[in-house]
Asker: 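Pasting a structure here, questions to come.
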Amino acid sequence: MAEPENYSSPPKRRVVIIDDDPDFAGVLARTIGSLGHDAVVKEDSSASHTYELRDDDIVFVDLLMPKVSGVQVLEQLARQGVKSTIVLMSGHDNSLREAEKLVKKLDLRFAGVLYKPFRLPDVKSILDEA
């Protein structure tokens, strides 16, 4: 008798959330966890955290942060040659469009944008594409 085929789910990915709003980041981390991924929150957008990224990480970057902007984080990622997949987040449509152009110009891996506020299906779709 033949062995049954093993259909395994896709491997868990680590998702790094860079967002200065702890409440929002916590909700997003729980949402990502409910989808079977490991979520790590970095409330401080300082460049030192970007050195901890792995190539297979998915990085959610909030564009509007007080100390270091999302654009500065993207520029730091490009300088480091980071191969992680980038997801941009903002409630400002114009900021997202400009940052999307920058991500492509910097030749970073790009999965998409999330317009705040977003819903579970939006997050799931982004993670499935990444």
Asker: Are the charged groups of Lys116 and Asp19 less than 4.0 angstrom apart, N to O?
Answerer: yes
Asker: What residues form a side chain to side chain contact (heavy atoms under 4.5 Å, CB included) with Asp93, not counting sequence neighbours?
Answerer: Arg97, Tyr115
Asker: Would you call Val59 and Val82 a side-chain contact if the rule is heavy atoms closer than 4.5 Å?
Answerer: no
Asker: Between Met89 and Leu28, is there a side-chain heavy-atom distance shorter than 4.5 Å?
Answerer: yes
Asker: Could you tell me which residues satisfy side chain to side chain contact (heavy atoms under 4.5 Å, CB included) with Leu106, sequence neighbours excluded, listed by chain and number?
Answerer: Leu74, Glu75, Ala78, Leu102, Leu108
Asker: Please step through side-chain hydrogen bond (donor to acceptor under 3.5 Å, both in side chains) for the pair Gln76 and Gln72, ending with a clear verdict.
Answerer: CA-CA 6 Å; Gln76 176 67 24; Gln72 291 170 305; over 6 Å; no
Asker: Answer yes or no: is there an ion pair linking Lys83 with Asp56, defined by an N-O contact shorter than 4.0 Å?
Answerer: no
Asker: The criterion is side-chain hydrogen bond (donor to acceptor under 3.5 Å, both in side chains); which residues satisfy it with Lys124, sequence neighbours excluded?
Answerer: Asp128
Asker: Is there a donor-acceptor pair under 3.5 Å between the side chain of Ser84 and the backbone N or O of Arg54?
Answerer: yes
Asker: Going by salt bridge (charged side-chain N to carboxylate O under 4.0 Å, His left out), name the pairs with one or both residues in residues 102-111, residues two or more places apart or in two chains.
Answerer: Glu100-Lys104
Asker: Which atom names give the shortest non-hydrogen contact between Val61 and Gly70, and what distance separates them?
Answerer: CG1-CA, 3.8 Å
Asker: Which residues pass the side chain to side chain contact (heavy atoms under 4.5 Å, CB included) test with Asp122, sequence neighbours left out?
Answerer: Leu114, Phe118, Arg119
Asker: Applying ring pair (Phe, Tyr, Trp, His ring centres under 6.0 Å) as the test, list every pair that has at least one member in residues 57-114; sequence neighbours left out.
Answerer: none
Asker: Kindly give the cluster partners of Val27, where membership spreads through any ILVMFWY side chain lying under 4.5 Å from a current member.
Answerer: none
Asker: Taking side-chain hydrogen bond (donor to acceptor under 3.5 Å, both in side chains) as the test, write out the residues that go with Arg14, two or more places apart.
Answerer: Asp57
Asker: With sequence neighbours excluded, what pairs up with Glu129 under the side-chain hydrogen bond (donor to acceptor under 3.5 Å, both in side chains) test?
Answerer: none
Asker: So which atom in Asp20 and which in Pro66 form the shortest heavy-atom distance, rounded to 0.1 Å?
Answerer: OD2-CD, 3.1 Å
